[in-house]
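Here the structure comes first, spelled out in C-alpha cells, and everything after it is commentary.
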Number of protein chains: 4
Amino acid sequence: MKLTILIHCADQPGIISSVTRFIHKKKGNIIYLDQHVDKEAGVFFMRLESEFEQGIDLSGFKSDFDGELAKSYQMEWGIYADGIKPKMAVFVSKYNHCLYDLLSRYNSGELQVDIPFILSNHPDLAYIAAQFDIPFFHVPFNKDIRENAEEEQLQLLKQHDVDFIVLARYMQIVSTKVIDVFPHKIINIHHSFLPAFAGAKPYHAAFERGVKIIGATSHYVTEELDAGPIIEQDVTTVSHSHSIKDFIAKGRDLEKIVLSRAVHLHVARKTIVYNNKTVIFS
Amino acid sequence: MKLTILIHCADQPGIISSVTRFIHKKKGNIIYLDQHVDKEAGVFFMRLESEFEQGIDLSGFKSDFDGELAKSYQMEWGIYADGIKPKMAVFVSKYNHCLYDLLSRYNSGELQVDIPFILSNHPDLAYIAAQFDIPFFHVPFNKDIRENAEEEQLQLLKQHDVDFIVLARYMQIVSTKVIDVFPHKIINIHHSFLPAFAGAKPYHAAFERGVKIIGATSHYVTEELDAGPIIEQDVTTVSHSHSIKDFIAKGRDLEKIVLSRAVHLHVARKTIVYNNKTVIFS
Amino acid sequence: MKLTILIHCADQPGIISSVTRFIHKKKGNIIYLDQHVDKEAGVFFMRLESEFEQGIDLSGFKSDFDGELAKSYQMEWGIYADGIKPKMAVFVSKYNHCLYDLLSRYNSGELQVDIPFILSNHPDLAYIAAQFDIPFFHVPFNKDIRENAEEEQLQLLKQHDVDFIVLARYMQIVSTKVIDVFPHKIINIHHSFLPAFAGAKPYHAAFERGVKIIGATSHYVTEELDAGPIIEQDVTTVSHSHSIKDFIAKGRDLEKIVLSRAVHLHVARKTIVYNNKTVIFS
Amino acid sequence: MKLTILIHCADQPGIISSVTRFIHKKKGNIIYLDQHVDKEAGVFFMRLESEFEQGIDLSGFKSDFDGELAKSYQMEWGIYADGIKPKMAVFVSKYNHCLYDLLSRYNSGELQVDIPFILSNHPDLAYIAAQFDIPFFHVPFNKDIRENAEEEQLQLLKQHDVDFIVLARYMQIVSTKVIDVFPHKIINIHHSFLPAFAGAKPYHAAFERGVKIIGATSHYVTEELDAGPIIEQDVTTVSHSHSIKDFIAKGRDLEKIVLSRAVHLHVARKTIVYNNKTVIFS
C-alpha cells in the first residue's frame with residue numbers, strides 16, 4: 001500500500017526529522033521526499049510518498065498523524081492512498097482539441113481518473129462524448145439564464161460527486177458560486193503566456209504586438225480572470241511569416257499538452273497552492 | 001562583390017519578377033531571396049543577396065535601381081555592399097554580463113562591427129573597457145543634468161559617426177532626442193518576456209506572479225517604454241524552488257544570448273521594421 | 001485558384017527571374033516564394049505559391065511550364081492545385097497515442113487528408129478505427145508470412161489509391177517492396193533524437209546512457225533503418241528522477257506532436273528530399 | 001555556518017529519518033533536502049543543506065557523522081562548509097568563447113572559484129589570460145612529447161593544488177594519468193548532443209545527417225572518449241538553410257552556456273556520479 005502525504009506549515013526546525021521518524025515508526029519506507037521552504041513567507045512545504053508492505057489502517061494513521069504531528073506543527077495536510085481515481089468533470093465549448101486529447105489519454109489508461117460527464121454551453125461536441133461513451137450535458141449559458149445555469153452545473157457536479165473540473169477551452173466565465181465549491185480544484189487552459197495577453201483573443205493581441213514566442217498557461221481558476229495560481233506553462237516560437245490563423249494552429253498543440261500536464265500534476269497530487277502561487281513537486 | 005538589398009512597398013503583382021530581372025540584367029547571381037507579404041497591411045517585404053563576379057559601380061547601381069524599379073513601385077529600400085563594418089556604440093550601467101558577451105564576440109571577430117566607445121552613467125565598468133582597449137565615457141545622468149547629458153551623448157555619437165546603439169543593460173531611459181536621431185537603430189534588452197512585466201523589476205514581478213517560465217526580449221527602442229518592435233525573444237523554465245536571485249542569475253544567460261542574436265540580425269541587415277513590428281529574415 | 005510549385009535543379013543564374021516572369025505572364029500573383037541553394041551540392045530549390053484570379057487550365061499550364069522552363073533548366077518539379085486532399089494510409093501496432101492524435105486532427109478538419117484505411121499487424125486498435133468510422137485491416141506480420149503480408153499491404157494501398165503512408169508507431173519494419181512503391185512517401189516517427197538511439201528500445205538506451213534530454217524524430221522511410229531524411233525533431237528535458245516509464249510517458253507527447261508536424265509539412269507540400277536530407281519550407 | 005552534505009548508499013529504510021534526526025540533534029536547521037532512489041540499482045542518494053546558527057566544530061561533526069551514521073549505513077559521503085572556493089584549472093586550445101564566458105563569470109563574482117592558471121596546447125589565447133590577469137601556461141602536446149606534457153600538466157595541477165579541471169574546448173585528449181588523479185573532476189564540453197556525434201567534427205556530421213536540432217553536452221571525463229557521465233545538455237534548432245559555419249556559430253552559444261551550467265552545478269556540489277550517470281540536485 002502506498003500513501004502520498006502533502007504538508008505545509010510555518011517553517012520551523014525539526015519538521016522533516018519528525019515526519020520521517022513518524023513514517024519509520026509506522027513501518028513505512030519513504031520512496032520519495034521533496035520539500036521546499038518559501039523563505040520570504042516563512043512557509044515549509046513537503047510531499048512524501050511511502051510504501052507500507054504490511055498494509056495500514058488509513059483512518060488510524062490519519063488520526064495518529066494529526067495527533068502526533070499536525071497539531072503541534074499546525075500543519076495543513078492531506079494523506080492520500082493510491083488506487084482511488086478522482087472524478088473529473090470536463091467543461092467544453094466548441095473547440096475539440098483539448099477534449100480529444102484528454103479523452104484519448106483517459107481511454108488508454110494514461111490519465112487515471114473517472115469522467116462522470118462532459119458539460120458544454122454548446123451542443124457541438126456531443127458527438128465526441130458519444131465516440132468515447134461519456135455522458136454529455138448541454139447547459140446553455142448567457143446573462144439572462146445565468147442563475148439557472150449555475151444551479152444546473154452545481155447539481156450535476158454534486159450528483160456525480162465530482163472531485164475537480166477541467167475547463168478544456170470552455171469559453172465562458174465560471175461563476176463564483178462554482179469556484180467557491182471547488183477552491184483550487186478547477187483547472188483552466190489559457191491560450192497565452194500569462195500574465196501577457198490575459199482576457200479575450202490573446203492570439204490576436206500577440207500577433208498585433210509582434211511577439212516572437214507564443215505560449216499557453218494552465219492555472220487554477222480563482223475569482224479574478226486569468227489570475228489564478230499557475231500550474232504549467234509552455235511556449236513555441238513564431239515569426240512575422242505566421243498569420244493569426246497560424247498562431248491559433250500552433251497554439252492548439254501547446255494548449256492540449258500544457259493542459260494535460262497540469263491535469264496529470266493535479267491528479268498525482270503534486271501541487272500545493274499558497275499565496276496564489278503553486279509549489280509543483282515533479 | 002556582394003550586395004544585400006532590402007525592400008518594402010505596397011504589395012502588387014510583378015515585384016519579384018521585376019527585381020530578379022533587374023539583378024539578372026546587371027549580371028548578378030541571386031544567392032538568397034526571401035520575401036514576405038503582410039496581407040492585412042497589404043505590404044510586400046523582400047531581402048535579397050546577390051553576387052557580382054565582375055564587381056559593380058555601386059552608385060550607378062543604386063541610381064538605376066531607383067530609376068528603373070523603386071520609383072514605379074514606390075519602394076522604400078536599402079542597398080548595402082559587404083565588407084563595411086557598422087559603428088556600434090554600447091551603453092551600459094553596472095551589470096557587466098551583456099557587455100562582456102558583446103566584447104568577447106567583437107574581440108574574436110564573431111561580431112563584425114567597430115566599437116568606437118562604451119558610454120555609461122556610472123564609472124563601474126570602465127575596467128572592462130580597459131581590458132578590451134575601448135574608449136570609455138562616463139556620462140552621469142539624472143533629472144537635474146538631463147539636458148547636458150543628452151547633449152554630451154549626441155555629441156559623442158556624432159563625433160564618432162555611430163551607426164547604431166546597443167543598450168547592454170543601460171538602466172536609464174534614452175531621451176527622445178537621441179531616439180529621433182537613431183530611429184530603429186537603438187537595440188535594447190529587456191529582462192522579461194514582453195509584453196509581460198514591462199518596466200522596472202521584471203524578475204521581482206515574475207516571481208510574485210509565480211510564472212513557470214521567464215524570458216528576455218530584445219527590441220528597437222521607441223518613445224514608449226519597452227513597447228518598441230521586438231527583434232528576438234527567448235525563455236527558460238523556472239520553478240517554485242527558484243528565488244528572485246535565481247531568476248536574476250538564470251536571466252543573465254538569457255539576456256546576453258538574446259541581445260547578441262538581435263545585434264547579429266541588425267548587423268547582417270536581416271531586420272525591417274513596419275507598423276511597430278519586425279520582419280526578420282533568418 | 002492557387003498553385004503550389006516545387007522545383008529543384010542545378011544552381012544557375014536567372015532561375016528565379018525566369019520562373020517569376022513565367023508566373024507573371026500567366027497572370028499569377030506570387031503570394032509566397034522561398035528558395036534555397038545547397039552550395040556544396042550546387043543545387044537550387046524553390047517553393048512558390050501563386051494565385052490566379054481568373055482560374056487556369058492546369059494541364060496547359062504544366063505543359064507550358066515544362067516546355068518553357070523545366071527542360072532548359074533540367075528541373076525536377078511538381079505543380080499542385082489546392083483543394084485536392086491526398087489519401088493517407090495509417091499503419092499502427094498497439095500504441096494508440098499517435099493514432100488518436102492524427103484522427104482527432106483529421107476529424108476536426110485540421111488535417112486536410114482522406115484516410116481510406118488503418119492497417120495494423122495487431123487487432124488491438126480496431127476499436128479506435130471504429131470510434132472514428134474508418135476501415136481497419138488487420139494484416140498480421142511475421143517472418144513466415146512475410147511475403148503474403150507484403151502482398152496484402154500492396155494490394156490495399158493500390159486498391160485505395162493511397163498517396164502516402166504514416167507509420168504511427170508501427171512496430172514492424174516496412175518491406176523494401178512497399179518502400180519502392182512509395183519513395184519518400186512513408187513517414188515514420190522514431191522515439192529518439194536520431195541519430196542517437198536508432199533501432200529498438202531507444203528510451204531504454206537513453207536511460208542507460210543517462211542523457212538529460214530525450215527526443216523524437218519524424219523521417220521519410222528508406223531501406224536503411226531509421227536513417228531516412230529527417231523531417232522534424234523535437235526534444236524534452238529529463239533528469240535522474242525519471243524512470244524509463246517516465247521517459248516513455250514524456251516521449252508519447254513528443255512523438256505525437258512531432259509526427260503530426262511532419263505530416264502537416266508533407267501534406268502542405270513543404271518538403272523536398274535531396275541527398276537523404278530534407279529542405280523544409282516553413 | 002552552512003554545511004552541504006552529499007550521501008549515497010544502498011537503499012534501506014530509515015535513512016532520511018536517521019540523517020535528519022542527527023542534524024536536528026546537532027542543532028542544525030535543514031534548509032534544503034532532496035533525495036533520489038535509483039530503484040533498479042537499489043541506491044539511495046541525498047543532498048542536504050543545513051544551517052547551524054551557533055557555528056560548529058567541523059571535524060567533530062564529520063567524525064560523529066561517520067561514527068553514528070555513515071558506518072552503519074555504509075554511506076559514501078561528503079560534507080562541505082560554505083565559503084571555501086574550489087581551485088579550478090582551465091584547459092583551452094584555440095577557441096575562445098568558452099574561456100571568455102567562464103572568465104567573465106569569474107570576474108563578476110558569479111562563479112565562486114579561484115583560477116590558479118589557464119593551460120593550453122597552443123599559445124593563441126595567452127592574451128585573454130593577460131586581459132584577466134591569470135597565469136597562462138603553454139604546454140604543447142603531441143605524440144612524441146606526450147609523456148613530458150602529461151608530467152608537466154600533473155606538476156602544475158599539483159603545485160597549484162587544483163581541485164577540478166574544466167576543458168573549455170581543449171582539443172586534445174586528456175591522458176589517463178591525469179584522469180586517474182581527477183576522477184569525476186574533469187568537466188568537458190562536447191559540441192554535440194551525445195551520444196549522437198561523439199568524436200571529431202560533430203557539426204560536420206550533424207550537417208551531413210540533416211538533423212533539425214543540434215546540441216551540446218557537458219560531461220565528466222572518463223577514459224572512454226565522450227562517454228563519461230552527462231551533467232548537462234541543451235539544444236537549438238537548425239534548418240536546411242544553415243551551413244556548417246552557421247552550425248558552428250549557433251553551437252558556440254550553446255557550448256558556453258551548457259559548460260557554465262555544468263561548472264556551476266559542480267561548484268555548488270549538486271552532482272553525484274554513480275554507474276557512469278549523474279544525479280543532479282537542482
Side-chain angles (χ1 to χ4, degrees), chain A residues 34-41 43 45 192-198 202 204-220 227-245 258 261-262 265 271-282, chain B residues 34-40 43 45 192-198 202 204-220 226-245 258 261-262 265 271-282:
Chain A
D34 198 1
Q35 54 82 44
H36 168 63
V37 176
D38 180 334
K39 284 179 192 169
E40 286 198 353
V43 179
F45 301 87
S192 84
F193 184 82
L194 289 175
F197 312 122
H204 290 72
F207 180 83
E208 191 62 32
R209 179 63 186 90
V211 295
K212 301 303 184 189
I213 289 177
I214 56 171
T217 304
S218 192
H219 62 94
Y220 287 116
I230 294 171
I231 305 168
E232 176 76 10
Q233 300 190 290
D234 208 346
V235 298
T236 195
T237 55
V238 291
S239 81
H240 65 271
S241 71
H242 292 104
S243 63
I244 291 176
K245 213 178 132 192
V258 168
R261 282 190 209 144
L265 290 167
T271 67
I272 296 181
V273 173
Y274 186 81
N275 254 358
N276 205 43
K277 295 162 69 168
T278 58
V279 172
I280 303 290
F281 299 102
S282 59
Chain B
D34 198 1
Q35 54 82 46
H36 169 64
V37 176
D38 180 333
K39 283 178 191 168
E40 286 197 353
V43 179
F45 302 87
S192 85
F193 184 81
L194 288 175
F197 311 123
H204 289 73
F207 181 83
E208 190 62 32
R209 179 61 186 92
V211 294
K212 302 303 184 188
I213 290 178
I214 55 171
T217 303
S218 192
H219 62 92
Y220 287 116
D226 298 332
I230 293 170
I231 306 168
E232 177 76 9
Q233 301 189 290
D234 208 346
V235 298
T236 195
T237 55
V238 291
S239 79
H240 65 272
S241 71
H242 292 103
S243 63
I244 292 177
K245 213 177 133 192
V258 168
R261 281 190 209 144
L265 290 167
T271 67
I272 296 180
V273 173
Y274 185 82
N275 255 356
N276 204 44
K277 294 162 71 167
T278 58
V279 173
I280 303 291
F281 300 102
S282 58

>> Which one wins on heavy-atom pair count under 4.5 Å against chain A: B:Leu194, B:Thr278, B:Asn276?
In response: B:Thr278
> Picking from B:Ala227, B:Ser239, B:Ser241, B:Ser243, which has the most non-hydrogen pairs under 4.5 angstrom with chain A?
Replying inline: B:Ala227
> What are the two closest non-hydrogen atoms of A:Ile230 and B:Gly210, and how far apart are they?
Replying inline: CB-O, 3.7 Å
> Tell me, do B:His240 and A:Ile272 make a side-chain contact under 4.5 Å, heavy atoms counted?
Replying inline: no
> Out of B:Val211, B:Thr237, B:Asn275, B:Val235, which one racks up the most heavy-atom pairs below 4.5 Å with chain A?
Replying inline: B:Val211
>> Taking side chain as everything from C-beta outward and backbone as N, CA, C, O, which of these in B:Phe197 sits under 4.5 Å from a heavy atom of chain A? Side chain, backbone, both or neither.
In response: side chain
>> If you count heavy-atom pairs within less than 4.5 Å of chain A, which of B:Gly228, B:Ser192, B:Ala206 leads?
In response: B:Gly228
>> Heavy atom to heavy atom, less than 4.5 Å: which residues from residues 212-220 of chain A reach chain B?
In response: A:Lys212, A:Ile213
>> Is B:Phe207 close to chain A through its backbone or its side chain, or both, or neither, when contacts mean heavy atoms under 4.5 Å?
In response: both
> Looking at A:Glu208 and B:Lys277, what are the two nearest heavy atoms and their distance?
Replying inline: O-CD, 3.6 Å
>> With heavy-atom distances below 4.5 Å as the criterion, would you say the side chains of B:Ile244 and A:Glu40 are in contact?
In response: yes
